There are 2 protein chains.
Amino acid sequence: MGTALAEMTMPQISPLGGEPIERADAERLAGVLKALADPARLRLLSLIQSAPEGEACVCDLTAPLGLSQPTVSHHLRILTEAGLLEREKRGVWAYYRLVPTAIATIADLLTPPRKRAGKKAR
Amino acid sequence: MGTALAEMTMPQISPLGGEPIERADAERLAGVLKALADPARLRLLSLIQSAPEGEACVCDLTAPLGLSQPTVSHHLRILTEAGLLEREKRGVWAYYRLVPTAIATIADLLTPPRKRAGKKAR
DNA sequence: CAGCAGCATTGACTCGCCTGCATATCGGCG
DNA sequence: CGCCGATATGCAGGCGAGTCAATGCTGCTG
């Protein structure tokens, strides 16, 4: 039940900030990034995000991607387990939508030097 | 040529912003993210960034990672070709350092809904 | 000049991932 | 109640990726 993203935002790790990153933290962050690092999945996120209600079902996504339905379901599963998508089944259809701040969280994890509290000063 | 990052920041693609992402853009962005989506490479970036002068040579990185020297060189090559690291050879040593705004650029590519009209009021 | 230290490259092995086909499951409809 | 449509899951093939041992290359150094 992972939503791997949630598991790593809790302890508030600082990936590329100050101290060298820990092995376990690196693996968690890499896991989430690995979910993003795929053309099909990036397009899925983009398609869902730009859909009418911000949501889309599998049948709407297979055609634009040019991939088979099982393959699309597979990618959606990867994204969901990574904590980037949430699934809601209404009737026969399964609607997917972006987890609100998920991607922004990843972006923040990559850019820690944005703050300037207590600078080292030369 | 390389520095895949530069090739995609030039045309100013909009990854997860408005219109559905194009296939070519998705593949470019996925390529850069794939370079990041590895525990060893994340740790390399972290180690280099937190090194004394913000730079480090291969011999300083093999031990903390617990990987062989060829493997470390391999990862450094991946990161360099992705545009995340820059290499400078001084004498026998090869010093690597982060490309200043590279990672921040990736983060920006992931967060389009953020206002970018004026200053960043953060 | 010969030897050595630091890195990069090659080859080989293994493992994981993307994809499609076939099949199972679930919900609605006639 | 049985059929059909929408998804999910299992299985298998193929390709790319991570790792290491061995080797080549370059620039100090004695």
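Heavy-atom basis, side chains included; hydrogens, waters and symmetry copies ignored. Keep in mind the model is a prediction, meaning the values are calculated, not measured.
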Expressed as a whole number of angstroms, how long is the span from [X]:[atom1] to [N]:[atom2]?
| X | N | atom1 | atom2 | result |
| --- | --- | --- | --- | --- |
| A:Arg90 | C:dC26 | CZ | C1' | 17 Å |
| B:Leu44 | D:dT19 | CG | P | 10 Å |
| B:Trp93 | D:dG27 | CH2 | P | 13 Å |
| A:Lys89 | C:dG28 | NZ | P | 9 Å |
| B:Leu42 | D:dA17 | CG | P | 17 Å |
| B:Tyr95 | D:dG27 | OH | P | 16 Å |
| B:Glu88 | C:dG6 | CD | P | 18 Å |
| B:Leu76 | D:dA17 | CG | P | 17 Å |

Partner residues of A:Arg87 under the side-chain hydrogen bond (donor to acceptor under 3.5 Å, both in side chains) criterion, sequence neighbours left out: none
Any residue meeting side-chain hydrogen bond (donor to acceptor under 3.5 Å, both in side chains) with B:Glu86, in chain and number order, not counting sequence neighbours: none
Nearest-nucleotide comparison on DNA chain D, the residue closer to the 5′ end among B:Val72 and A:Asp60: A:Asp60
Distance test, side-chain N/O of A:Arg87 to OP1/OP2 of D:dT7, below 4.0 Å: no
Set of residues satisfying salt bridge (charged side-chain N to carboxylate O under 4.0 Å, His left out) with respect to [X], sequence neighbours excluded:
| X | value |
| --- | --- |
| A:Arg23 | A:Glu27 |
| B:Arg97 | B:Glu55 |
| A:Glu88 | A:Arg90 |

same_hphob_cluster(A:Leu98, A:Leu61) at 4.5 Å side-chain heavy-atom cutoff: yes
Per A:Val58 side chain, nearest of listed nucleotides C:dA8, D:dA8, D:dA6: D:dA8
Using a cut-off of under 3.5 Å, enumerate the N/O to N/O pairs linking the protein to nucleotides 9-19 of chain C.
| unit_1 | atom_1 | unit_2 | atom_2 | d |
| --- | --- | --- | --- | --- |
| C:dC18 | OP1 | A:Arg41 | NH1 | 3.3 |
| C:dC18 | OP1 | A:Arg41 | NH2 | 2.6 |
| C:dT19 | OP2 | A:His75 | NE2 | 2.3 |

Sugar-phosphate, base or nothing in reach of B:Tyr96, heavy atoms under 4.0 Å: sugar-phosphate
N/O donor-acceptor pair under 3.5 Å between B:Thr105 side chain and B:Thr101 backbone: yes
